[in-house]
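Okay, structure first, notes after.
Whatever order the structure lists them in is the order used to number ligands and atoms, beginning at 1. Scope of the values below: all heavy atoms of this structure, side chains included, with no hydrogens, waters or symmetry mates.
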Amino acid sequence: MAHSRIVPVAVEGMVALILAAGLALAAPPQTRPPAKAPARPRQLITLGFSPAAARAERQVEEKFKAIPSAEEARKHHRFLTAEPHPAGSERNYQLALYIADLWKQQGWEDVTLRRYDVLSSSPREVSAQMVSPIQYQLGLREDPYDVDPDTKNPRVRSGYLGFSASGEVTAPVVYAHSGNPQDYELLRRNGIAVKGKIVLVRYSNPYSYRGFKALTAEREGAAALLIYSDPAEDGYSRGKVFPDGPWGPASHIQRGAITYDFLVPGDPLTPGWASVPGARRIPVEQAVSVPKIMAVAISWRDARPLLEHMDGPKAPKDWQGALPITYRLGGNAVRLHLKVDMDTSVRPNYVVEARIGGAEVPDEWVLLGNHRDAWEFGGVDPSSGTASMLELSRAFGALKQQGIRPRRTLVICSWDGEEYALTGSTEWGEQFAEELQKKLVAYLNVDSSTSGPNFEGEAVASLAPLLVEVSRSLQEPSGASLYRAWRASSGRARRAARSARPVTDANLVNTRIGSGSDHTVFLNFLGRPTIGLHFDGPYGVYHSMYDNFYWMNHFGDPGYRYHRLMAQLWGVLALRLANAEVLPFDFAFYGANIRQFVAELDSANHVQQKMDLKPLLDRVTEFEAAGRELNRSEARALAAGPLEAARAALLNQQLMQVEANWLNPEGIPGRPWFKHILYAARYTYAHLELPGLTEAVEKGDWKTAQEQAALLERALVRNAALLREASANLERSARAAARSNLSSKGVKP
Ligand SMILES: [Zn+2]
């Protein structure tokens, strides 16, 4: 999946505006020159480095950035996209071996293939015929084009949805718009029941995960679900269609999984533990993430005859799509015969893992990952990310050959089964949970690297300032800094969305992290900080066979310059985290973000009328103040020169503990696997902040809301104390250093 398909629903209005303006002040004050000082060029590296170490870091980064090549990325991309390579397929296994070999050649260490035996789902037979009022056989196939030989590959499969139930039914068809609960409410108000019927819904804009449509249809008692791509969302009404443009043609089909992995991701039969060969497995009937409804993905060309022949009331205006017909609610006239036969068996998935051992702090890890499995060719999703990753790994191998090792250990992973249930990363994270909780500094995820030129970065709030700082060190193909290009494209996007929020450094990074990609296990289950990177653009062929090499070379990134830029950006971020003397977390910024989350929850739900949020907000203020104090102590200590090694080690362990302290071992109510109390995802994959508290408030369950607020308060108190202790240690060591400095000069302290 591509996380950027999830459009964050920004909460706008004056509250957000005022808070965002306040956040701009949260940047560490020490990075700003005094008001009357002569203008100096901006220091590119300030967070976590003493001046001397920053100069050395700069040189390493310059060497690193010179290595990735657009032409090499293109070659990797051609190879990766040559054949369909879904999870569990022979081709995807071959690609795992290819990546493992390449990493060995490039100089990576401990290259290992990890096997997980997971419940899989692939189609044996999918067929659909309209039986009344006319006969029509749905094609369920995508058209080939002469200009693009890949579209004639006989191994491309028909439209299907991963983890659909198997079965056969003949039933009337009802049109249910996006298939959200309120859509079924509207049908009910029109006297239309869906029980036992086949529901036709469209992929929606903003994107919401298809698994939620399936769960909703299942709860409504529908017999089956058809999901189609309306041209209003990703077809001709957006612009030119494939092969003449980037949007989806009439026959394109958005495949995908409908797994209920918002309840628990990973292998459905091993929820919460690793599906290594021989692991204990629960019976499939007990697996909450496996849907019980049949579901099929279809093109608008196959949906049109169904929509055209429907009876019943005219659908409301916002339910009308871009087809030149009147959309009706249906319910009687159109009957469909549907058969789905899925092969659901346990099959191996493979994660490839490698590392470059850290020269000084080998037991602190920076992890980089990208998934390898694709619905078909995976031009954007995920092979653009894999191509960038292979250039990044080549560059790290080359640095190592020049004798340059990072201070901390770099770990790199090629995940499998992401498209089904975030499976490979989840199983790997569960297998190494204990070690990762101790050692993992941060996880840097790239799913799709490139579908256009517009950068989108998301990060846990403590790492957002680092991402902004790093973006100033990189050059965009236009010649501008990535930072400037990012601000410009974010500004355009916000104006297009009629957002009142101006772009500032404080809100450039998306700090509202939902699910839908491989960061999920690290953030939500293990409590480790994550960053996600992506270049976005017009992209209407997501999860279809047209998401391929031709598409990338004509529309997405014809010169592969953004693939190269991604390799540079991803690598420089990894270097910054791996080499920093003090880990570059900004907890003052984190605190300001948490305050904003609380304010937004209150303004959306009028919480203060039912419960007092002041104690929670007071604890946030204390945490934020402790974060500001620590930022100042760190800046003073680093300005005085390199930190003594033992002091730095203790400090960094304390800083790493902060994210872990946001975990509640019980999980959020009803979803025990999701343990982070600041971040989770809604069933649609959309971001959900303060999940336990928010869900309780939205349900009006004030008892649970009080309990969840108390949990947040306790974690904030714990973390504020931790930050104050870290500041005190730093100040003590600064005084000790000053004393020894003075005595070495023969001055009595
Ligand atoms: Zn993906």
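Contacts of Asn92 classified as side chain to side chain donor-acceptor pair (under 3.5 Å), with partners at least two apart in sequence or in another chain: Arg372, Asp416. Annotation: ring pair (Phe, Tyr, Trp, His ring centres under 6.0 Å) contacts of Phe377 (sequence neighbours excluded): none.
Remark: Glu233 engages Arg202 in a salt bridge, criterion side-chain N to carboxylate O under 4.0 Å.
Nearest to the Zn ion (ligand 1), among the N, O or S atoms that His371 has, is NE2. The atom of Asp381 nearest to the Zn ion (ligand 1) is OD1, with the search restricted to N, O or S atoms.
Taking 2.8 Å as the criterion, Glu418 does not count as a coordinating residue of the Zn ion (ligand 1), since none of its N, O or S atoms falls below it.
Of the candidates Trp570, Tyr562, Phe535, Phe455 forms a ring pair (Phe, Tyr, Trp, His ring centres under 6.0 Å) with just one, namely Phe535.
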